[in-house]
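Input: a single structure, listed below in structure tokens.
Each chain gets a letter, A, B and so on, in the order the sequences are listed, and its residues count up from 1.
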2 protein chains.
Amino acid sequence: MKLHLQIQMNEALYLRNPELSELGKKIIMHSVQLIYNYGFEAFTFKKLAEDVGTTEASVYRYFENKHKLLVYLTSWYWGWLEFQIGFHTNNIEDAEVKLKKVIRLLASTVEDDEKTNYVNESLLHQIVISEGSKAYLTKHVSEDNKQHFFKPYKDLCAVIGMMISEYSPNYKYPKSLASTIIEMAHFQNFFMRNLPALTDFGNSKEDTEVVLFLNDLVFSTIRM
Amino acid sequence: MKLHLQIQMNEALYLRNPELSELGKKIIMHSVQLIYNYGFEAFTFKKLAEDVGTTEASVYRYFENKHKLLVYLTSWYWGWLEFQIGFHTNNIEDAEVKLKKVIRLLASTVEDDEKTNYVNESLLHQIVISEGSKAYLTKHVSEDNKQHFFKPYKDLCAVIGMMISEYSPNYKYPKSLASTIIEMAHFQNFFMRNLPALTDFGNSKEDTEVVLFLNDLVFSTIRM
DNA sequence: TTAAAAATGATAGTATTACTATTATTTAAA
DNA sequence: TTTAAATAATAGTAATACTATCATTTTTAA
């Protein structure tokens, strides 16, 4: 039996739900590939339309602009990751084991998930590393926030924050530590590959090094 | 006596050195103000030219494009900050005291520096918080890196990494911890103001909270 | 099964952005 | 004071980020 996983998305992110049509799914599929290839700045709806084999106008019927598409894709990723975390930490009681699983899920190379047919999680993970912060580092972050565009990110942060508090109920900064883990899982990976002088893993370039760094950071901080 | 401070800049960042003419200095001054007002995406050389009271063509004689201008501004900031750190930790032996000074310098509101006449460090600090990572989160980060565009950032990271190693010679990740401190000083500040659910300082919105968080993080990690 | 509705394709058009080029004029240096 | 360098004024181009219109195809619902 083949299971299918659907991530619940904020309706204000799109004009037409891309999950409900072939064209919509193609737009998602190809946008992941193209943003990965070109980077977000050089990515355009014109290129996307050509790649999909449709017109620019049709793409605009799904997404108002490329910023909302980026927010859509990153939100999808955070939602998917929260599901992964729930799945992999299910039935585990030990908060330390759970947190270590979370760090590994955040900082390891993602393999394509069979349960989602039109999203390549591996590429999407790379996009979230290189482009993810551009979703909120904007002048209109507060308006976007009012429309709950960042809820999946916040939810994930809350989940991790709760695990931290479970492990160490007196620790004063569970949410800030959670957002630090999330951001650093990605930034240390980006630095390792592109600006290795900013890390201590320039030689090996292994994801596992980032995992070890974060484990050490988190547990020396919250271990009383 | 009024002292003047000059930051040595990478020549590949500009076509004409903006420090050596009135127009160049105006371009720097006004670009800081405009990027602060509009955000980097909505900032254009046309708006800049109008604001300065010159033509677009003249701005292009100084900077090839707005990306290089952003790298110029952030580099300037990192250079300036490294000078600040050198100045404020001079003659201090205790590595703990030095690191705490560094964290405070990184995570506190910056006041305008009298020693530099045409750069508003306070606004530039806000720009580095909101736009700084866009300087390296690009598809061409490696080419930019080959031209040493990120040297000031790396130098700062190295300085902080050395302080960490001085305090704790056996700690395995001094450079990664240094880049974590730098990034989190800014991200936690941004989150606190714009996405407070990602932090534990949403109520107070005080810089000092970020300082306390980072002090706790760093010293519980490197204290043996 | 068919008519209406919805989605898509084809095409065109606009304002803005990100530049480059040219020539005249002003300012600075030898 | 002559010459060179910098700037201003103006024009122009290709690409981007859209919006609009209308014909055609596909889907849905009566």
Side-chain angles (χ1 to χ4, degrees), chain A residues 9 11-31 34-35 37-73 118 131 134-135 138-140 143-144, chain B residues 9 11-31 34-35 37-73 118 131 134-135 138-140 143-144:
Chain A
M9 299 297 295
E11 291 182 12
L13 285 173
Y14 50 75
L15 297 169
R16 208 198 289 307
N17 190 338
E19 289 173 356
L20 301 181
S21 73
E22 279 313 305
L23 181 60
K25 288 179 207 165
K26 272 196 202 166
I27 286 172
I28 300 300
M29 253 171 68
H30 286 78
S31 66
L34 285 187
I35 295 174
N37 289 343
Y38 289 107
F40 186 65
E41 277 73 40
F43 164 82
T44 68
F45 274 8
K46 200 184 177 192
K47 285 172 188 162
L48 176 57
E50 273 164 29
D51 207 55
V52 167
T54 185
T55 59
E56 231 181 315
S58 290
V59 176
Y60 277 105
R61 285 193 195 100
Y62 283 85
F63 291 98
E64 247 179 277
N65 52 55
K66 68 175 188 170
H67 179 256
K68 288 206 174 169
L69 174 54
L70 179 67
V71 177
Y72 181 94
L73 293 176
Y118 58 95
E131 322 287 355
K134 295 170 193 168
T138 66
K139 212 62 200 179
H140 47 90
E143 292 97 81
D144 286 1
Chain B
M9 299 298 296
E11 291 183 11
L13 285 173
Y14 50 75
L15 298 169
R16 207 197 291 305
N17 190 338
E19 287 173 357
L20 302 182
S21 72
E22 278 313 305
L23 181 60
K25 287 180 207 166
K26 271 196 204 167
I27 286 172
I28 300 299
M29 251 171 69
H30 286 78
S31 65
L34 285 188
I35 294 174
N37 289 344
Y38 288 107
F40 185 64
E41 278 72 39
F43 164 82
T44 69
F45 274 10
K46 199 184 175 194
K47 285 173 189 161
L48 176 56
E50 272 163 30
D51 207 56
V52 167
T54 183
T55 61
E56 234 181 311
S58 290
V59 175
Y60 277 105
R61 282 191 202 102
Y62 282 86
F63 291 98
E64 248 180 278
N65 53 54
K66 69 175 186 170
H67 179 257
K68 288 206 174 169
L69 173 55
L70 179 66
V71 177
Y72 181 95
L73 293 177
Y118 60 93
E131 322 287 355
K134 295 170 191 168
T138 66
K139 212 62 201 179
H140 47 89
E143 293 95 82
D144 285 1

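- Listed by chain and residue number, nothing satisfies the ring-ring contact (aromatic ring centres under 6.0 Å, His included) test with B/His30 (two or more places apart in sequence, or in another chain).
- Taking atom CG of B/Leu15 as the reference point, atom C1' of D/dA5 lies 15 Å away to the nearest angstrom.
- Formation of a donor-acceptor pair under 3.5 Å by the B/Lys47 side chain with backbone atoms of B/Leu34 is not found in this model.
- A close approach under 4.0 Å does not occur between any side-chain nitrogen or oxygen of B/Arg16 and OP1 or OP2 of D/dA5.
- As rounded to whole Å, 12 Å separates atom C1' of D/dT25 from atom CZ of A/Arg61.
- Atoms NZ (A/Lys25) and C1' (C/dA7) sit 15 Å apart, rounded to a whole Å.
- With the nearest nucleotide of DNA chain D identified for both B/Ser21 and A/Glu41, B/Ser21 has the one nearer the 5' end.
- Atom CD in B/Glu19 sits about 18 Å away from atom C1' in D/dA6, given to the nearest Å.
- When the side-chain contact (heavy atoms from CB on, under 4.5 Å) test is applied to A/Lys134, the partners found at least two apart in sequence or on another chain are A/Glu41, A/Leu70, A/Glu131, B/Leu137.
- In this view, B/Glu64 and B/Lys68 satisfy the side-chain hydrogen bond (donor to acceptor under 3.5 Å, both in side chains) rule, not counting sequence neighbours.
- When side chains are defined from C-beta on, B/Val59 does not count as touching B/Val52, because their heavy atoms never get closer than 4.5 Å.
- In this entry the distance linking CD of B/Glu22 with P of D/dA8 reads 12 Å, nearest Å.
- Rounded to a whole Å, the OH atom of B/Tyr60 is 18 Å from the P atom of C/dT22.
- Only A/Thr44, A/Glu56, A/Ala57, listed by number, bring a heavy atom of residues 42-59 of chain A to less than 4.0 angstrom from any atom of DNA chain D.
- In this structure, B/Leu20 atom CG and C/dT27 atom C1' are separated by 16 Å, rounded to whole Å.
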- Task: Could you go through the side chain to side chain contact (heavy atoms under 4.5 Å, CB included) check for B/Lys26 and B/Thr54 one step at a time?
- Result: CA-CA 10 Å; B/Lys26 271 196 204 167; B/Thr54 183; over 6 Å; no

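- Residues of residues 65-72 of chain A that place a heavy atom closer than 4.0 Å to DNA chain C do not occur.
- In this structure, B/Tyr38 places its OH atom 10 Å from P of C/dT17, rounding to the nearest Å.
- Between A/Pro18 and A/Ile27 there is no side-chain heavy-atom pair separated by less than 4.5 Å.
- In B/Glu143, the CD atom is crowded: over 12 heavy atoms of neighbouring residues, nucleotides or ligands sit closer than 6.0 Å.
- Contacts classified as ring pair (Phe, Tyr, Trp, His ring centres under 6.0 Å) and involving residues 44-63 of chain B (residues at least two apart or in different chains) are given here: B/Phe45-B/Tyr60, B/Phe63-B/Tyr72.
- The phosphate of D/dT7 (OP1 or OP2) has a side-chain N or O of B/Tyr62 nearer than 4.0 angstrom.
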